[in-house]
Protein chains: 2
Amino acid sequence: MARRRQAVTIKHVAADAGVSLQTVSRVINKEPNVRPEMMARVQEAIERLGYVPSIAAQRMGGSRSYLIVALNDRERTIAGWRNHEGTDWVDQMLLGGMLKCAEHGYRLIVELVDTHSDHIERELSAALAALQPDGVILTPPHSQNPLITGLLEREGISFARIGSLAPGRGFALTMGDTGAAEMATDHLFALGHRRIGLIAGPDEYELSAWRVAGWRAAMAAHDLPTDDLMFQGDFSYESGRQGAEALLEAGATAIIASNDQMSLATLLLARDRGLDVPGDLSLVSFDDTPIARFAHPPLTSVVQPIAEVTSRAVELIIAERAGRDAPTDPIEIAASLAVRGSTAPPR
Amino acid sequence: MARRRQAVTIKHVAADAGVSLQTVSRVINKEPNVRPEMMARVQEAIERLGYVPSIAAQRMGGSRSYLIVALNDRERTIAGWRNHEGTDWVDQMLLGGMLKCAEHGYRLIVELVDTHSDHIERELSAALAALQPDGVILTPPHSQNPLITGLLEREGISFARIGSLAPGRGFALTMGDTGAAEMATDHLFALGHRRIGLIAGPDEYELSAWRVAGWRAAMAAHDLPTDDLMFQGDFSYESGRQGAEALLEAGATAIIASNDQMSLATLLLARDRGLDVPGDLSLVSFDDTPIARFAHPPLTSVVQPIAEVTSRAVELIIAERAGRDAPTDPIEIAASLAVRGSTAPPR
DNA sequence: TTGAAAGCGCTAACAC
DNA sequence: GTGTTAGCGCTTTCAA
């Protein structure tokens, strides 16, 4: 295979337009101090020759790399793909992130690193050194891992933290978990439920606590006790089953589960016990994956705007690189509730 | 934001190990002609300093870019993500492709281009110029688009064609569609079906014809007529419904549908008509997405090894770049049949 | 407002 | 075997 070089480079454009390399570069980067006339001439040459800058060369020149890394948890992501039951977190990130990137000539690269690895910093450093991305989008639980945020901060790379409100650098974005939990609780309350249980996620995820807080707030607003109605799971099916057992024991007539696996576990436990959903037990899921949508009955679910949040994260990163000033307050893009067949008034 | 440069470069390593840049480069690239002793010294320096080569600089040096592009159909892919019903083609490509890439220090970048666009060549050229990937993995229907394969061939970029057997350059890989269709047909025959209908995919996809051929071959082997038992759909729900109507009209007791949407359409049509699946109608899907797995009953499906095929495609591309000789024959990684509740003996 | 020169981190070609 | 040199395509000084 022949050593392949760029077909048309900035030099060709410069020659064609009869200007210097520098002027072409300025036009490409939309820099000021170029006469409209020059700019038009250069633009025309670019079109004619079909010139597209090489991102490797742009990076080498010391400017942007036009690469944004979406960092996900390796174990969980791969497990999701392997089981292929449609957990579409990554797809939604691609949908929102890739398309937004494309609008600005950027690319989104998915990277996986182990949360629990002791050499997580080395893994990430290697990826950063290899790719030299202009930004990194962190998802839970990476978004609240100080080893990761610290490294990014030291390296001076702009990053977004999805699902984290911790103070510090990096754009914080949430999907309004507190409000979503309140919404779910209120929905169940409005149906007439009073014993509303919550199967929470693990502490490792900040958002677990937010959801608990939202549920507690809603319960308190209705003067309802929460005493033994909370069970802390770890997002696994098994923990969901345990949680459902505990909450049924506590007399829950409705259960909110913090993800699809725990919801599914609850649904199947109910079935095993001969309980009708939603007749004997109402159920709200906190994920809107096919597992929830195609369950029988289809689960009322909190729908998380992953694509929108990722898109926003990309925007923030690109805007910061472009020198525009960044918002310092956390950004919330609220989840919504899709009411389906798993919730109904209690008997 | 400070202009960020590589923290530790090949120069640092060279200095640290007391050798020339070139020697370090040779070690990195596993080139011959380096004494084991030198190599060890360099390796040690690399470890100690935590050096990782910059992909951009490697590309600039004129060698590999360590980037492989996975090219998918824009419209279909985005629609899949938007509807988010778990069509996990891209996920499976990432699963197989990313992991294999990672083993060799490569990255997989997902790119979307419009099949029906008249400027498809410009779109692709731009992506190639920007990224300068070492290889491109084509999926249907791009894999049989001469505009695309022609361009890649002219540019001298190695590429893999998934789902294409057309002659010409590029590694051809299939998932044994002919055999899969035969397998599905034989399964139904073994259950006692004689009127087995097929809802085929559009001609735009080579594999549509292979599936028809497999079905025909299996039917012929059992001396069964195929006359009015074939309907050509276009992978849409609507066409699936039309196909199901036509085939039921023709007296089919079993239907094989070429994707999940058409299968779902068939299932729902049966339900509308009060037909029990599998009692009155057996159904085999050609996709194993959540739509098929979570349907009621769960659909017997052809399971396509997308991850494996992509992984293999990555291997082939990397091997070719490394100068190892490439297989010229098409590679088949056979699909399997997951028997579920939608197939049973006819009444 | 424009251009010339230097250098980014790496590899290819050649010399030693 | 190993080191030296000359770029790759671009951006960043800095000078005009």
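A, B, ... follow the sequence lines: proteins, then strands. Residue 1 opens every chain.
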Residue mapping more 5' on DNA chain D - nearest nucleotide basis, B/Val19 or A/Tyr51
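Looking at DNA chain D, the more 5' nearest nucleotide goes with B/Val19.
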
Candidates C/dC8, D/dG9, C/dC10 - which lies nearest the side chain of B/Lys11:
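Taking heavy atoms from C-beta onward, the closest nucleotide is C/dC8.
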
Given atom [atom1] of [X] and atom [atom2] of [N], what is their separation to the nearest angstrom?
X	N	atom1	atom2	answer
B/Leu131	D/dG9	CG	C1'	15 Å
B/Met60	D/dA6	CE	C1'	13 Å
B/Arg59	D/dC8	CZ	P	12 Å
A/Ile55	D/dC8	CD1	C1'	15 Å

Side chains of B/Thr9 and B/His12 only: does a donor on one sit below 3.5 Å from an acceptor on the other?
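Side chains of B/Thr9 and B/His12: pair found under 3.5 Å.
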
Contact check, side chains of [X] and [Y], non-hydrogen atoms, under 4.5 Å:
X	Y	result
B/Leu71	B/Ile137	no
B/Thr77	B/Trp89	no
B/Tyr106	B/Ile317	no

Return the CH2 to CE distance between B/Trp81 and A/Met98, rounded to the nearest 0.5 Å.
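The CH2 atom of B/Trp81 sits 5.0 Å away from the CE atom of A/Met98.
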
Which pairs, with at least one residue in residues 21-34 of chain B and sequence neighbours excluded, count as a salt bridge (charged side-chain N to carboxylate O under 4.0 Å, His left out)?
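Sorted pair list comes back empty.
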
Among residues 20-41 of chain A, which ones have heavy-atom contacts with DNA chain C below 4.0 Å?
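Within residues 20-41 of chain A, the residues near DNA chain C are A/Ser20, A/Gln22, A/Thr23, A/Arg26, A/Asn33, A/Val34, A/Arg35, A/Met38.
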
